[in-house]
Amino acid sequence: MNDTISTPPAVRTEDLWKVYPQEPEPVEAVKSLDLIVEPGDFVAMAGPSGSGKTTVLNLLGGLTRPTRGRIWIDGEEVSDMRDRDLARLRLERIGFVFQAYNLLPVLTALENAEFTLLLRGTPAEERHRRVMDLFREMGLDGLEDRRPGRLSGGQQQRVAVARAVAGDPALVLADEPTANLDTATSAALLDVMERLNRERGTTFVFSTHDPRVMERARRLIHLVDGEIESDVRRDAGAVAP
Amino acid sequence: MSDDPVWRRIAWRNLGRHRGRTLITASALAFGYLAAVLMVGLMDGMNAELIENGTGLMVGQVQVHAADYLPERNMHRTIGGYEGIDLAGFLRRLESDPDIVAAAPRLYGGGLVSSGDQTLGGVLFGVDVRREGEVTTLLSTLREGRAPRAGAFEVAMGSEMARQLDVKVGDQVVLVAAAADGSMGNDLFTLAGVFSTGTPALDASHVLVPLPDLQYLLAMDPGRVHEVALTTTRPWDTPVIAASVERSLSAFGPPLRVRPWTELRPELAESVELMGSMNWVIIVIVFAMAIFGVANTMIIGTFERRKEFAVVRALGTTPLGVGKTVVYEGIFLGVLALAAGAVVTGPVLVWWHNRPPDLSGIVGGFAWSGSMWRPILRVEYSWDTPIVAAVALFVTSVLAAVYPAWKATRVPPADALAD
Ligand SMILES: Nc1ncnc2c1ncn2[C@@H]1O[C@H](COP(=O)(O)OP(=O)(O)OP(=O)(O)O)[C@@H](O)[C@H]1O
Ligand SMILES: [Mg+2]
């Protein structure tokens, strides 16, 4: 049904619903969401607490199943995929960045960044080269052998971003990636993400509460009560230094 | 699979994450290993005692007969038939088997023993006195006098028989027996010793006669014996040894049967077997206890890491991968515990084997299954127990990981984004 010859959208949803069966009445966390994210975009999702940001990211990443509606990632329909295939899709095409960094504490920074490549069975040499390149780009060189416990929050989150993009995913989903970071570190992380977006064309969709972070997005979606309240392109602002 | 090294690495490092906890769990398993191996060793030791006491007095561990000798015990059916054998050569041949420690030839005759106007029926038990001492303890039960000397027409008899005949050491007795040539053999013998085995049937009926003298009395050639009793290196393995001895003798000529004590004393064999099955019970109980402790620790460990499982699932791990890392953790824990267990168990086993505590002073001996049992806590080694216990330990640690692993695979990936 996709009749365009060019690359498919990184994300596309159609009448997407997520209803949590809850007492006394079910929670409609996402209501009839129609969304298209073009490859290479840099999208922020804002909205009050409980507006459905995390739920949308969960749905796009195949971490929860929609109650209704359809999702395509990189042109492939995921809404009816089996768990195994979803896992594979996440491994190969989606990167995740979490608010609480969520690096594996028993692995070094380098091993954490390599994680998805390790799972994919990428040869050691290539793994190493890719991650070392990223570390240099992101100012992480010298920290390769540190365990997360001996890294600052900002460093950990940069390692997490490296982990998310190391496998060249079609899409990186980040849930409030800067919420645990101070202003300066947030700005630095945004710099890194922006650069990866610009230089590698990695698509980012991230949620945030922070107006300073929203400013850096090229497209800003406002969610309220599980619905899109506004969807603004602000390319000019994002490109400015 | 290609991702296995990652999961192994994570599993190994996770063990290092809570060193104290890992140490305690591994120690519990190692202690379980020690306990299982020691307890089974003790049971094996008791078994060895049972066997020794039940076979040591008369039966011996293995007996060689002409194939048609038992059960009738026809006196003509000697080893090698009427011709007999080159006895010295035959014994040498038997003793050349590395599993055979000693061999003692025997000849049986039924007859009458008289002194004055007293006459009793008895079993004339012809033995090579020196060799018999290497196979059974009968001669060590001599209470008065000494062992009879060959060629001197001396005998030893049971204490009850001596009492009934009213004879003492130095007295003369007449032995009368049906000889192999159909005549009646009778000769005068001197009572050299009186034995008291504690087994009434033996003490009332057996007359110990040096082999050549009995052969002479029964008009049999020196190459004729009914039985050769053997002592082996491994009393609990006698069925195997007997079978191999029988095989090695198959080229010997006249058909022979080689029977282990398990066939000669089936009731004893049964109680030994019963104790053998206890070994399994011990191992199962010890490790069944361990499994809950280990599983409990692992459940706690995996519960603490729920978020990590959710994260790796979100990053694209299959549930199988998550389960694998937990199972690997169980495997590594098992390996650690086994190493520790082996290091501790080895020396304890050697020490206990060589210096078994003797509780005779406290408990005293008692009869069990027709034989005397000494309360010596002796520990036997065997190869299979440490291996079986090692397998059990390993299975335990892996099984203990199965439930936590399954729980880990159930962690929903969406939990990664929850705080
Ligand atoms: N697993 C769940 N079960 C039941 N209700 C849920 C679940 N997850 C989210 N919800 C509900 O769905 C709605 C949307 O939640 P969601 O976490 O997506 O909001 P959010 O925009 O991420 O909020 P925040 O800014 O606080 O992170 C909320 O009302 C929330 O209570
Ligand atoms: Mg949220």
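Residue numbering restarts at 1 for every chain, and letters A, B, ... go by the order of the sequence lines. Heavy atoms only: backbone and side chains are in, while hydrogens, waters and symmetry mates are out.
Ranking A/T64, A/L103, A/L107, A/L86 against chain B, the residue ahead of the rest is A/L107, based on heavy-atom pairs under 4.5 Å. Across B/P319, B/P412, B/G321, B/A414, the residue that shares the most heavy-atom pairs under 4.5 angstrom with chain A is B/A414.
Only the side chain of A/D175 has a heavy atom closer than 4.5 Å to any heavy atom of chain B. The contact between A/R147 and chain B is made entirely by side chain atoms (from C-beta outward), counting heavy-atom distances below 4.5 Å. With a 4.5 angstrom heavy-atom cutoff, A/L104 touches chain B only via side-chain atoms. Of the atoms belonging to B/W7, it is side-chain heavy atoms, and not backbone ones, that fall under 4.5 Å from chain A.
The stretch residues 154-164 of chain A participates, sequence neighbours left out, in no salt bridge (Lys or Arg N to Asp or Glu O under 4.0 Å) pair at all.
Contact detail for B/P404 and B/T302: the closest heavy-atom pair is CB-OG1, 3.7 Å. Residues A/T116 and A/G167 approach most closely at OG1-N, 4.4 Å, considering heavy atoms. Scanning all heavy atoms of the two residues, the minimum distance from A/L220 to A/A46 falls at CD1-CB, 4.1 Å. Across every non-hydrogen atom of B/L338 and B/A390, the tightest pair is CD1-CB, 3.6 Å.
Screening A/L35, A/L59, A/T67 for a side-chain contact (heavy atoms from CB on, under 4.5 Å) with A/L16, the sole residue that qualifies is A/L59. Across A/D74, A/D41, A/I73, a single residue satisfies side-chain contact (heavy atoms from CB on, under 4.5 Å) together with A/L171, and that is A/I73.
Heavy-atom proximity under 4.5 angstrom to chain B picks out A/T54 from residues 49-56 of chain A.
Partners of B/R9 according to the side chain to side chain donor-acceptor pair (under 3.5 Å) rule, which considers only residues two or more places apart in sequence or in another chain, are A/E111. For A/R65, the salt bridge (charged side-chain N to carboxylate O under 4.0 Å, His left out) partners two or more places apart in sequence, or in a different chain, are A/D83.
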